[in-house]
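As structure tokens, the structure follows; a few thoughts come after it.
Here the structure is a predicted model, which means the values were calculated and not measured.
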Amino acid sequence: MGDSAHLLSMTDDRMRLWTPRELSDFTGIPIRTLADWRTTRSRRRGLGLPFVALSPRNVRYREEDIVAFIAGKLVAPTDGKDD
């Protein structure tokens, strides 16, 4: 039981890594768009968000990067004077 209790406590503090499917479901951004953003060309243009390449076909997104990406897309309301 000691080993399983240790594993349970490890999972509580683990960094959350999202799959492309989970990120797509959460944000509504198509999986294909997420894949396009991972290309070298798109990254050079500053598109998309950071990702973790565990292997060429195993990509994940850190929760902290997702939060920062969404926060960076926030559009504040205007006072209407510029219209």
Side-chain angles (χ1 to χ4, degrees):
M1 170 98 178
D3 288 337
S4 63
H6 176 68
L7 290 175
L8 276 176
S9 66
M10 283 178 45
T11 60
D12 294 343
D13 296 329
R14 270 193 321 182
M15 177 191 325
R16 170 80 161 101
L17 295 175
W18 296 53
T19 66
R21 166 60 63 202
E22 290 170 329
L23 182 56
S24 177
D25 290 347
F26 181 70
T27 62
I29 299 169
I31 290 176
R32 183 70 237 163
T33 299
L34 295 171
D36 288 344
W37 286 350
R38 292 191 304 266
T39 64
T40 302
R41 181 173 177 242
S42 291
R43 289 184 321 201
R44 284 186 185 143
R45 294 175 51 208
L47 298 176
L49 61 160
F51 62 94
V52 178
L54 298 172
S55 72
R57 294 182 181 256
N58 192 349
V59 174
R60 298 290 186 269
Y61 296 90
R62 297 184 315 171
E63 187 159 344
E64 64 198 59
D65 294 324
I66 295 167
V67 169
F69 176 78
I70 291 169
K73 300 300 182 193
L74 183 64
V75 178
T78 63
D79 59 11
K81 293 180 182 175
D82 294 338
D83 292 340

Qualifying salt bridge (charged side-chain N to carboxylate O under 4.0 Å, His left out) pairs with a residue from residues 18-37, counting only residues at least two apart or across chains: R16-E22, R21-D25, R32-D36

Non-neighbouring partners of R41 that pass salt bridge (charged side-chain N to carboxylate O under 4.0 Å, His left out), sequence neighbours left out: none

Side chain to side chain donor-acceptor pair (under 3.5 Å) partners of residues 43-55, not counting sequence neighbours, each pair once: T40-R43

S24: partners by side-chain hydrogen bond (donor to acceptor under 3.5 Å, both in side chains), with sequence neighbours left out: none

Other cluster members, L34 - Ile/Leu/Val/Met/Phe/Trp/Tyr, side-chain contacts below 4.5 Å: W18, L23, F26, I29, W37, L47, L49, F51, V59, Y61, I66, F69, I70

Cluster companions of L74 among Ile, Leu, Val, Met, Phe, Trp, Tyr (side-chain spacing under 4.5 Å): none

Inter- and intrachain pairs under salt bridge (charged side-chain N to carboxylate O under 4.0 Å, His left out), touching residues 48-68, at least two apart: R62-E64, R62-D65

Apart from V67 itself, residues in the same hydrophobic cluster as defined by side-chain heavy atoms under 4.5 Å: none

Partners meeting side-chain hydrogen bond (donor to acceptor under 3.5 Å, both in side chains) with T27 (sequence neighbours left out): none

